[in-house]
Amino acid sequence: MSGPARPFVGRDEESAVLRVLLAEAGAGRGGVALVTGPAGMGKTRLVEEALRGAPGRPPAGRGYCLADHSAPPLWPWLQAVRALARVRPALADGAGGVLAAIAAAGRAEVGTEARVDSASAAAVRFAVLADVADAVLALAPAPTAPTGGPVVIVLEDLHWADANTADLVRQVAQGIGDSALTLVVTSRDDPTEPGGRPRQELLRLPGVRHLPLAPLTTTAVGDYLSAVGAGADIEAARRVVRRSGGLPLLLDLAAAGDGPPVAVADLVSTLLAQLPDAARPVVVAAALLRGPVDLPLLAAAADVDEQVAARAVDAAGRTGLMTREPGEGEPCFRLAHGLLAEALAGGEDGPRRAVHRRAALALEARARSETGLAADIAAHWAGLGRHDRAAQASVARWATLAAADARRALAFDDAAAHLTVAVAALRRAGAEPDELAARTIDLARAHYLAGALTEALAHCELAATAAAGIADAGEVAASARAGLLAQAALVVRWVTFPEAAGIVADLCRTALAVDQPPPVRAQLLAQLATILAFAGGAAQARALAREAMALATAGDVTPAAGNPGDGGGQALLDAARAAEMVLTDPDGVHERLRLAGLAAARAAELNQTLSGVLAEQWRLRAGLQLGWRAVADEATAQIARLAERGGLPLARWPAGTSCAARRPARPSKASSPRPAPTARPPASWPWPSATSSPSGSATPWRRTSPCCAATPPSCRPGSGRTSTPRRPRR
């Protein structure tokens, strides 16, 4: 099913660039083309024509980014790879490898909500996406390989891409030169459109061919008119350019008469008038459903039987309004152009809301057996309007489920976007303060994992305000309020720059002002001690760190329901970190060794690789201070093992810079004479008891070497977002 064929004109230069790119891929030099332009400028048509004229017609898979985060992370890549397997069965094994890597990305684990930090989350996400990129590039090895040959992946509408899709585009683009893969990406460049960051980041990569599309010229429009038999009169071409603005989508309508400029709405009205009356509601429903839609869902949304829906899409296909998506199984259909869908979706409120309600209910029924539908369901409930409180409650529920799906796929930006929708919907639905506070904490945590510290801190404050509003109605309410206040204080962890530290310190004090279980109180005290240590309050920081350690090592280490932490494990790890931070004189070296042992053991139990690396850094520094080279060497080796086992790029920089910590420590003039260090550690190694307690130095020891930094790069002032280097290709 397809609409009338239309001449292709005015894109000779851009077509030549794409042909060269495809030819280079055939020679084993893969490349990337970014086709940009306003909506309706012919980006998709340019790609189709270039592929149609490519020598040997290399197999191509196409995927679509959808608006409003209404598809699961990496959805366009899934579509494209599945399409490749359909059109070229020989690629089935390679496609299976990509699909398996994407599935593994959805199962990656970065730790429980309460203990993961943004640096660890970013590193895990980077490594997982690098594995997917490797699998994608393996689809098109060099032509000299037995299964080698050019392959094309087309991703449409990058401006709507989820964060994982955009990052995977960059990962693939950076390693594509040694493959036979051609990656073609289209994106709107309208300044009013969101999503400009992925496009700009892609343009900064070397080797990316940028093909910006401008409106068709008078000469090109004259060629078009001549091809359709309307004559090549220059004045006629100028008239069509004036009426259409050079937009290829509007040429036929503009050429049909004279008068003022035409718009997409005029084209939609003209095309709808050519349809039978029964087909028009079906086409409008297809526009509101946005992406490719199958007949059963389209029929349910339009409130017609499937035979009527089938006849409607056939009629719309003949006029050029709709097109069928290639593929096996249940046929799917979509509007022929995004501008047509946008114009049709802006109809009357009553019918539009009815379509959204029927679509939401139909998708909810499917969600019992299918995954990845939560975001789409939330979007349809949102289509019922802000003042429908029942619909807003459904929006909150499904947007929260979509955020959970996104987090499991390490798409933290998308999780934050879904939770932003959920929190706003809860406010409109009149949710109770405890539910509103809990979802706001989830939103703060998603921002933190995405590296957006400013947004995370702001939502921690909002969550604490909501938690404070819980009515004082007995022990259960008090416990819930205490738990939420503690969670708000412990979302953003181990930050030390003044603006963030002030907010977190206030949140900790608010949470500590109410009764907290011992392990939770220990974590709050450790968090506050860390902030005070960096702010110069050494004496108070040491007192808080001692209290945190006493609570963390007490007998009852089981947290109350709803409170953060992992019992004594997380509390002890946090307390050890705070205690090490307030060791301000060389006499604390044996205590640093003891704390390194505690922290390393707890980090291993909790699967926190970066915390384990930090503990080994303490061990390394203490070994060098004591002159125990074997201890220092073992610590360095353990850092390397942790980095390799965890696959975390951020865990590798301490190992690479550990030489900075091998400089002998400068002895303190105020310290007592100590025996010369022995050549080997005592038999009580690895964790000798402390021989002295921290002294009363007024200034805490400041870390000046990157290998000893306690704060991840993503949590330093001005960092905004986590950034990790490109992993070397295997």
Side-chain angles (χ1 to χ4, degrees), residues 69 113-114 116-118 121 378 382 386 389 392-393 395-404 406-407 412-473 477-495 497-514 516 520 523-524 527-528 531 562-565 714-715 717 720-721:
H69 300 273
E113 293 281 14
V116 66
D117 59 75
S118 60
R386 299 187 172 197
R389 297 184 68 169
Q392 288 298 311
V395 171
R397 174 185 171 225
W398 287 102
T400 301
L401 292 173
R407 187 191 181 282
F412 304 119
D413 285 294
D414 296 319
H418 292 310
L419 286 166
T420 299
V421 171
V423 169
L426 285 174
R427 293 185 185 278
R428 298 187 194 108
E432 294 296 325
D434 57 343
E435 185 180 8
L436 184 59
R439 291 293 80 74
T440 306
I441 288 170
D442 290 341
L443 174 56
R445 191 171 289 114
H447 279 306
Y448 172 58
L449 294 178
L453 291 183
T454 300
E455 292 86 346
L457 290 166
H459 284 95
C460 286
E461 291 183 296
L462 290 173
T465 300
I470 297 175
D472 194 0
S479 176
R481 182 168 56 247
L484 291 166
L485 289 172
Q487 289 183 58
L490 293 171
V491 167
V492 179
R493 302 167 67 80
W494 310 111
V495 297
F497 59 94
E499 297 84 357
I503 294 172
V504 176
D506 289 342
L507 291 169
C508 286
R509 293 187 181 101
T510 300
L512 287 167
V514 299
Q516 298 285 358
V520 176
Q523 291 180 69
L524 292 167
Q527 174 98 302
L528 187 55
I531 294 168
N563 275 297
S714 62
C715 296
R721 294 198 171 270

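Remember, it's a predicted structure, so these values are computed and weren't measured experimentally.
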Task: Set of salt bridge (Lys or Arg N to Asp or Glu O under 4.0 Å) partners for Arg509, sequence neighbours left out - done: Asp506
Task: Contacts of type side chain to side chain contact (heavy atoms under 4.5 Å, CB included), residue Ala480, not counting sequence neighbours - done: none
Task: Nearest non-hydrogen partners of Ala406 and Ala415, listed with the distance - done: CB-N, 3.7 Å
Open item on the list: Can you list everything that forms a side chain to side chain contact (heavy atoms under 4.5 Å, CB included) with Leu512? Sequence neighbours excluded, please.
Closed with: Arg521, Leu524, Leu525, Leu528
TODO: Provide the closest heavy-atom pair for Leu419 versus Ala403 in the form atom of the first, atom of the second, distance.
DONE: CG-CB, 3.5 Å
Open item on the list: I need the minimum non-hydrogen distance between Ala456 and Tyr448, along with the two atoms involved.
Closed with: CB-N, 3.7 Å
Open item on the list: Working to the nearest 0.5 angstrom, can you tell me the gap between His459 NE2 and Ile441 CD1?
Closed with: 12.0 Å
TODO: Output all residues satisfying side-chain hydrogen bond (donor to acceptor under 3.5 Å, both in side chains) with Arg397, sequence neighbours left out; order by chain, then residue number.
DONE: none
Task: Heavy-atom pair with the smallest gap, counting every atom of Ala422 and Thr400 - done: CB-OG1, 3.6 Å
Open item on the list: Going by side chain to side chain contact (heavy atoms under 4.5 Å, CB included), name the residues that satisfy it together with Ile503, two or more places apart in sequence or in a different chain.
Closed with: Leu457, Glu461, Leu507
Task: Candidate pair Arg407 and Leu449, rule side chain to side chain contact (heavy atoms under 4.5 Å, CB included), full reasoning - done: CA-CA 9 Å; Arg407 187 191 181 282; Leu449 294 178; 3.8 Å; yes
Open item on the list: For Ala511, is there any backbone N or O sitting under 3.5 Å from a side-chain donor or acceptor partner on Gln516?
Closed with: yes
- [ ] Scan residues 415-426 for pairs that pass salt bridge (charged side-chain N to carboxylate O under 4.0 Å, His left out), counting only residues two or more places apart or in two chains.
- [x] none
Open item on the list: Can you pull out every salt bridge (charged side-chain N to carboxylate O under 4.0 Å, His left out) where at least one residue sits in residues 432-441? Sequence neighbours excluded, please.
Closed with: Arg439-Asp442
Open item on the list: Under the side chain to side chain donor-acceptor pair (under 3.5 Å) definition, can you give me all pairs with a residue in residues 416-430, not counting sequence neighbours?
Closed with: Gln392-Arg428
Open item on the list: Donor-acceptor pair, distance only, cut-off 3.5 Å: does the side chain of Gln527 make one with the backbone of Val492?
Closed with: yes
Open item on the list: So, taking the atom named CD1 in Ile470 and the one named CG in Leu484, what distance separates them when rounded to the nearest 0.5 Å?
Closed with: 5.0 Å
Task: Partner set under side chain to side chain contact (heavy atoms under 4.5 Å, CB included) for Ala466, not counting sequence neighbours - done: Ala437
Open item on the list: Any side-chain to backbone donor/acceptor pair from Gln523 onto Leu490? Under 3.5 Å, distance only.
Closed with: no
- [ ] Locate the shortest heavy-atom distance separating Ala382 from Val395; write the atom from each residue and the value.
- [x] N-CG2, 3.3 Å
Open item on the list: Once rounded to the nearest 0.5 Å, what's the spacing between atom SG of Cys460 and atom CG of Leu485?
Closed with: 11.5 Å
